[in-house]
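Scroll down for the structure; my scribbles are underneath it.
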Protein chains: 2
Amino acid sequence: MLMRLATAIKKRSTEELMGLKLRQLMLLSHLSSGGAPALQQHLCEALWLDPNNCVLLLNELEDLGYIERRRDPADRRRHVVELTEDGRTALERAQRAQESLGDEIFAALSDEERATLRSLLSRAQV
Amino acid sequence: MLMRLATAIKKRSTEELMGLKLRQLMLLSHLSSGGAPALQQHLCEALWLDPNNCVLLLNELEDLGYIERRRDPADRRRHVVELTEDGRTALERAQRAQESLGDEIFAALSDEERATLRSLLSRAQV
DNA sequence: TATTGTTATACTCTATAACTATA
DNA sequence: TATAGTTATAGAGTATAACAATA
């Protein structure tokens, strides 16, 4: 059931609607919610991306001007990734689109029920 | 969050574990829950598969001996799809595997909470 | 002519392995 | 030598369009 729902969300989360691909949104969103100023690339495996997919995804986002990569001075093998202003703007637009999609999909649920759903899902062991 | 969880489930639903690919499981499961003896292929769009993907998926399952396709005598353009005994066995095995995976993932939730989750998800408008 | 199912084909996504540079 | 990041490449998965048989 969960998979069915996820498929539906994916199909409806088109790039035209959000201005971003779903994976791009997920990475930007993770970057942003990390709170801290920057992140090591390896933390992008929090999103279950192989290192190579990670690179490709970051390349796309860098080409779009939504992130910046800098070498970590402490260990010049590492990259520090940072959200740009444009990136934050794009992220916010995509998040609004996602929210309104969520509103459609969960229209039958009250605010309280949605909160319950979120809370239950967040307790899943991934 | 939903997408994250779905990704995790997908990654963990390996073919070795279930004996079936996830999409194969979804189709067999849909066939089986249809209750009725047979189904027209077009109903496989209930799973959001393009007609061509549908054919390919059914080919795989037919090669495995898990389904049978017959022409509909009433309209010989149509195919009627039916689950075989082998198919039912494979489906049951895969469903058991999925259940135990579900048990792991939702270990933190009580039976009642899981029921609540199912009920909330089932009310989503896809 | 329209519809069901199929095939051919290409495009995106994801995975594997080899390579570069730093440590 | 080991690790972070990258590149090359191949394999799934998915989508588009043309085609055959039947209506």
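Chain letters run A, B, ... following the sequence lines, proteins first and then strands; every chain starts at 1. Everything quoted here is computed from the prediction, not taken from an experiment.
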Rounded to the Å, how far apart are [X] [atom1] and [N] [atom2]?
| X | N | atom1 | atom2 | value |
| --- | --- | --- | --- | --- |
| Ile67(A) | dG5(D) | CD1 | C1' | 13 Å |
| Leu20(B) | dA12(D) | CG | P | 17 Å |
| Arg78(A) | dA2(D) | CZ | C1' | 12 Å |
| Glu45(B) | dT4(C) | CD | C1' | 10 Å |
| Glu62(B) | dG5(C) | CD | P | 13 Å |

Checklist entry - Does any pair with a residue in residues 3-20 of chain A pass salt bridge (Lys or Arg N to Asp or Glu O under 4.0 Å), and if so which ones, sequence neighbours excluded? => result Arg12(A)-Glu104(A)
Next on the checklist: Heavy-atom count check: over 12 atoms from other residues, nucleotides or ligands less than 6.0 Å from Gln125(B) CD?
Outcome noted: yes
Holding to salt bridge (charged side-chain N to carboxylate O under 4.0 Å, His left out), I want the full list of residues that pass it with [X], two or more places apart in sequence or in another chain.
| X | result |
| --- | --- |
| Arg76(A) | none |
| Arg88(B) | none |
| Arg23(A) | none |

Residues 53-65 of chain B, side-chain donor-acceptor partners within the protein, below 3.5 Å, at least two apart:
from     : atom 1 : to       : atom 2 : distance (Å)
Asn53(B) : ND2    : Asp50(B) : OD1    : 3.3
Asn59(B) : OD1    : Arg69(B) : NH2    : 2.3
Glu60(B) : OE1    : Gln24(B) : NE2    : 2.6
Glu62(B) : OE1    : Arg69(B) : NE     : 3.4
Glu62(B) : OE1    : Arg69(B) : NH2    : 3.2
Glu62(B) : OE2    : Arg69(B) : N      : 3.4

Next on the checklist: Walk along nucleotides 13-23 of chain C from 5' to 3' and tag each nucleotide B, S or - by protein heavy-atom contact under 4.0 Å, base first, then sugar-phosphate.
Outcome noted: SBBBB---BBS
